[in-house]
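Some notes on the structure that comes next.
Chain naming here is simple, since letters A, B, ... match the order of the sequence lines and numbering starts at 1 in each. Treat the numbers as computed from the prediction; the structure is a model and nothing was measured.
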4 protein chains.
Amino acid sequence: MSTVPAFKRLPRAVREQQMLDAAVKVFSRRGFHAASMDEIAEDAGISKPMVYAYLGTKEELFVACLHREGTRMMQAIAGAAAPDLPADERLWRGLRAFFGFVGAYRDGWAVLYRQARGEQPFAGELAAMRARLVEVVAGMLDHALRAEGREITAVDLEVVAYALVGATESLADWLADHPDADPEKTATRMMNVAWLGAAQLLHGATWRPPVD
Amino acid sequence: MSTVPAFKRLPRAVREQQMLDAAVKVFSRRGFHAASMDEIAEDAGISKPMVYAYLGTKEELFVACLHREGTRMMQAIAGAAAPDLPADERLWRGLRAFFGFVGAYRDGWAVLYRQARGEQPFAGELAAMRARLVEVVAGMLDHALRAEGREITAVDLEVVAYALVGATESLADWLADHPDADPEKTATRMMNVAWLGAAQLLHGATWRPPVD
Amino acid sequence: MSTVPAFKRLPRAVREQQMLDAAVKVFSRRGFHAASMDEIAEDAGISKPMVYAYLGTKEELFVACLHREGTRMMQAIAGAAAPDLPADERLWRGLRAFFGFVGAYRDGWAVLYRQARGEQPFAGELAAMRARLVEVVAGMLDHALRAEGREITAVDLEVVAYALVGATESLADWLADHPDADPEKTATRMMNVAWLGAAQLLHGATWRPPVD
Amino acid sequence: MSTVPAFKRLPRAVREQQMLDAAVKVFSRRGFHAASMDEIAEDAGISKPMVYAYLGTKEELFVACLHREGTRMMQAIAGAAAPDLPADERLWRGLRAFFGFVGAYRDGWAVLYRQARGEQPFAGELAAMRARLVEVVAGMLDHALRAEGREITAVDLEVVAYALVGATESLADWLADHPDADPEKTATRMMNVAWLGAAQLLHGATWRPPVD
DNA sequence: CATGAATGAGGTTTCATTCAT
DNA sequence: TATGAATGAAACCTCATTCAT
C-alpha cells in the first residue's frame with residue numbers, strides 16, 4: 001500500500017529526514033540551548049542513541065539542520081532568479097521565492113535566522129550564507145548601475161545590499177509571526193520598498209547630511 | 001570622607017550597576033544560556049548570593065539588562081528626534097543617535113538584539129520595544145504622507161516601517177561587526193537608502209508585480 | 001576449491017580466532033572498560049551480532065582472550081621445562097620460553113597482566129594462573145632444597161616463589177616496553193638474579209633483621 | 001568537644017581529605033572505569049557537585065589520589081632509608097617502611113599499582129614514580145658494588161634493580177591479599193631474597209647460559 | 001551585609017546488547 | 001548465516017539556586 005515499508009526498522013535515509021524534521025521543529029521552538037536531545041528524539045519517534053548514531057553531536061545536528069534549510073532556501077531563490085533576466089525581474093522573482101520559502105518553512109526560517117544568529121558556534125555558518133545573499137544582491141545592483149553608466153564604491157554597494165537584505169529578513173520575521181499573511185503580497189511590498197529606493201540610487205539621487 | 005566609600009559596602013545602586021555591566025558583558029559574549037551566573041558574579045567582583053539578592057533570578061537579571069540597554073537606546077533616540085522637527089530631520093537625527101548608541105555600546109546592542117531575539121522568554125520584551133520603534137517610524141511616514149495629501153493602508157504603513165527598521169538593524173549588526181567603521185557615516189548611508197525610498201513613496205510611485 | 005574458502009562464510013573456528021585476535025589487540029590497547037565491542041567487531045571485519053553469537057558477552061569475550069593467551073603461555077613454558085631435568089636447567093629453559101612468549105605476543109601479555117590485574121571480575125582467573133606458576137617454581141625450589149637435605153616452611157617457600165615470579169613479571173613488563181630488547185638476554189639476566197639468590201638459599205644462608 | 005565543628009559545612013581542606021579517602025577506597029575496589037563518581041560522592045557523604053568543585057574531573061581526581069598515596073609512600077621510604085647508612089641497612093629499612101606502608105594503606109597501594117598500571121592515561125604518572133624507586137635501588141647497588149671494587153653496565157644495573165622492585169611489588173600484592181600477614185615478616189623475607197642475591201652479585205658470581 | 005559550602009535536577013553522550021530482516 | 005536498526009541504562013559533568021555562618 002504505502003511506499004514506506006510499514007512501521008519500524010526504516011531505512012537510514014528516511015529516519016535521518018524524520019530526525020531533521022523533528023530537530024528543526026524543536027530548535028525553532030526552544031532555541032539551541034534550551035532544546036533537549038530527549039525532546040528531539042521523542043518528537044522524531046525514536047530513541048536518543050539513534051540520533052547520535054546518525055547525525056552526531058547536538059552541535060553537528062544543528063549544523064545539519066542549518067545546512068538542509070539553508071540549501072533549500074538558496075535553491076528556491078537561485079532556481080527562481082535566473083541570472084540572464086533583467087535586474088528588476090530577478091529581484092522580484094528572488095523575493096517571491098524567498099518569501100514563499102519562509103511562508104512554507106517557518107520553522108526552518110526560525111532555526112536559520114533567529115537561533116543561529118545568537119549562538120556563537122554557528123554565527124560563522126550563518127554569516128557565510130548571508131554573505132552569499134548580500135553578494136548576489138550587490139551584484140544585481142552593480143549590474144544595473146553600470147547599465148546606467150554609474151558607479152559607487154564597493155563599501156557603499158555592500159552597505160546598501162546589506163540594508164536591503166536586512167529589510168527583507170525583517171519582513172520575513174514579520175511574515176513568520178503573522179501566519180495568515182500572504183507571502184506573495186509581502187514580496188510585493190518588499191519589492192516596492194527595495195526597487196523604489198534602488199531606482200533612485202540608479203538615477204544618481206543622493207541624500208547628504210545637513211551641516212550642523 | 002570621600003564621596004565614593006573607597007572600597008566595599010558600596011551603596012546599592014552602584015553595586016547594581018556594576019552587576020549589570022558584568023551581566024551585559026557576559027551575556028553578550030556567551031549568549032543567555034551559555035552565560036553562567038558564576039562568571040557574571042566573578043566578573044562583577046562579587047559573590048553569587050549578592051547577585052541573587054540584588055537582581056534576582058537569571059531570567060530577571062537578563063530582563064534587567066534588557067531594560068537598561070533598551071531604555072538607554074530609546075532615550076538616545078527620543079532625545080535626538082524631537083517630534084516638532086520636519087520628518088526628514090527627525091529621521092536623520094534619530095538614525096544618527098541610534099548608530100551612535102550602537103557604536104558606543106556594542107555589548108548592549110548584542111544583548112538586546114542578537115541574544116534576546118533567539119530566546120523565547122524574552123522575545124516578547126524585545127518585540128514590544130521593536131514595536132515602539134516601528135510605531136515611531138510609521139508615525140513619521142504617516143505624517144509626511146498626509147502632508148503630501150496621500151494615504152496608504154495601515155498594514156502597508158506598518159510593513160514599510162518594519163522594512164526600514166529591519167534595514168537599520170541590519171546595518172547596526174554590520175557596524176557591530178566592523179569596529180573601525182564610523183557610526184555617523186553608517187547613519188548617512190542608511191539615510192540614503194531610507195529616505196530615497198520613502199521619498200518615492202511619498203510622491204506616489206509604486207511598483208506592481210508583472211502579470212505572469 | 002581452495003583450502004581456505006576465499007571470502008566469507010569462513011568456518012566457525014577461523015572466525016573465532018579472527019575475533020580473538022582483534023579482541024586481544026583492542027583490549028591490550030585500550031583496556032577492558034575503554035575497549036568497545038564496536039571497535040572489536042570492526043577490527044575483526046565482522047558485525048557485532050556475530051561477535052555475540054560466537055563468543056558471547058564482553059566479559060566472556062575477555063575471559064576467552066585470557067584463556068587463549070594464558071594457555072599459550074603455559075604451554076610454551078611447560079613444553080620447555082621438562083620435569084625430569086635438573087632444577088637449574090628447568091628454570092633456565094622455563095625463563096627462556098617465558099620471555100620468548102612475552103617478546104612474541106606483547107599484546108597478549110598486556111591483556112593478561114596489565115589489564116586483567118586491575119579488573120575485579122578477572123582477578124580470580126589471573127590469580128589462578130599465577131598460582132600455577134608460583135606452584136611450579138615452588139616445586140622446583142623444594143625439589144632442589146630436599147636434594148640438599150634442607151627444608152623450609154611452606155609459607156617461606158611460597159613467598160620466595162612469589163618474589164621470583166614477581167621479579168620475572170617485572171622484567172616482562174620491562175621487555176614489553178622496550179621493543180628492541182632481546183628476550184633471550186633478558187632471560188639470562190633474570191636467571192642471574194634468580195639463581196644466585198636461590199643458590200644461597202639452597203646452601204642455607206639467611207639474613208636476619210638487626211635488633212633495634 | 002570535638003575539634004571538627006560538628007556536622008556539616010566543613011572547611012574545604014577537611015572535605016577534600018574525606019573525598020580523597022572515599023575515592024581511594026572506591027577506585028581500589030572497582031577500578032578506575034568501573035568506579036562511579038556517584039559512589040565516590042556517596043561514600044564521602046557529600047553530593048557529586050562538591051567533588052567536581054574541589055577535585056575536578058574524574059581523571060583529575062584519580063591523579064590526586066595517585067599523588068597523595070604516592071607521596072605518602074615515598075615519604076615513608078625516604079624517611080626510613082637515610083642515605084648515609086650502609087647499603088644493607090638502607091635496603092632493610094626501606095623495605096620495612098615500604099611493607100609497613102602497604103600494610104597500613106592497602107587501598108592506597110591497590111590504587112597506586114593495580115589500577116594505575118592498567119589505565120593508559122596514568123601509566124606515565126606511575127612509571128615515573130616507579131622509575132624513582134628503581135633509581136634509588138640501582139643507586140644502592142651501584143654504591144655497594146663500587147665499594148667492592150666491582151662494576152657492571154648501566155643496563156644490567158637497571159635490570160637487576162627492576163627485578164628487585166618487581167619482586168618487592170609482588171610481595172606487596174601478596175601482602176595486600178593476605179590481611180593477616182605481618183608486614184615486618186614479609187619485609188624480612190624480601191630482604192632475604194634480595195640481599196642474598198645481591199650479595200652474590202657483589203662478589204662477582206655470575207650465571208651463564210649453557211651452550212645448546 | 002557578604003560569602004563559602006552545598007545540592008537537586010537535568011543535559012549530553014556512550015555502550016553493551018538485542019530484534020527483525 | 002549475517003547485519004543494519006534500535007534501545008535501556010547509566011556515566012560524567014554543569015548550573016541555577018540556597019543555606020548557614
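- For C:Ile46 and D:Gly56, each mapped to the nucleotide of DNA chain F holding its nearest heavy atom, the one lying further toward the 5' end belongs to C:Ile46.
- Rounded to an integer number of Å, the gap from A:His33 NE2 to E:dG10 P is 18 Å.
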**OP:** In sequence, state the C-alpha distance, the side-chain angles, and the governing distance for C:Arg117 and D:Gln115, and then conclude on side-chain hydrogen bond (donor to acceptor under 3.5 Å, both in side chains).
**Re:** CA-CA 8 Å; C:Arg117 204 188 317 233; D:Gln115 306 305 334; over 6 Å; no
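- Judged by Watson-Crick or G-U wobble contacts below 3.5 Å, the nucleotide E:dC15 has F:dG8 as its partner.
- If you look at D:Trp109 and D:Tyr105, their ring centroids are not closer than 6.0 Å.
- Phosphate proximity of F:dT7 to A:Tyr52: absent, as no side-chain N or O sits under 4.0 Å from OP1 or OP2.
- Here E:dC15 is the nucleotide among E:dT13, E:dC19, E:dC15 with the atom lying nearest to any side-chain atom of C:Ser36.
- Mapping D:Thr57 and B:Phe32 onto DNA chain F by nearest heavy atom places D:Thr57 closer to the 5' end of the strand.
- In this structure, F:dT21 and E:dA2 make a Watson-Crick or G-U wobble pair, each of the two defining distances being under 3.5 angstrom.
- Taking 3.5 Å as the limit, the base of E:dT7 and the side chain of D:Lys48 contain no donor-acceptor pair of atoms between them.
- Contact annotation for A:Met37: backbone-only contact, meaning every heavy-atom pair under 4.0 Å involves sugar-phosphate atoms and none involves a base.
- A sub-4.0 Å separation between OP1 or OP2 of F:dT1 and a side-chain N or O of C:Arg15 is absent.
- Nearest nucleotide to the side chain of C:Pro49, out of F:dT3, E:dG11, E:dG4: F:dT3.
- Here E:dT14 presents its C1' atom at 13 Å from NZ of D:Lys58, a figure rounded to the nearest Å.
- As a whole-Å value, the separation of B:Asp38 CG from F:dA16 P is 7 Å.
- Remark: side-chain polar atoms of B:Lys48 are not paired, donor with acceptor, to backbone N or O of B:Glu39 under 3.5 angstrom.
- Here D:Tyr54 reaches the OP1 or OP2 of E:dA5: one of its side-chain N or O atoms lies under 4.0 Å away.
- Formation of a donor-acceptor pair under 3.5 Å by the A:Lys58 side chain with backbone atoms of A:Ala35 is found in this model.
- B:Ala35 comes within 4.0 angstrom of sugar-phosphate atoms only, judged by non-hydrogen atoms across all strands, and of no base.
- In this structure, the CD atom of A:Glu39 is 14 Å from the P atom of E:dG10, given to the nearest Å.
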Original post:
So D:Glu119 and C:His33, side-chain hydrogen bond (donor to acceptor under 3.5 Å, both in side chains) or not? Walk me through it.
Top reply: CA-CA 10 Å; D:Glu119 310 290 339; C:His33 267 100; 5.9 Å; no
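- Here F:dA16 presents its P atom at 14 Å from CD of B:Glu60, a figure rounded to the nearest Å.
- As rounded to whole Å, 6 Å separates atom P of E:dC1 from atom CE of B:Met50.
- Rounding to whole angstrom units, CD of residue D:Glu59 and P of F:dA11 are separated by 17 Å.
- Rounding to whole angstrom units, CD1 of residue B:Ile40 and P of F:dC15 are separated by 12 Å.
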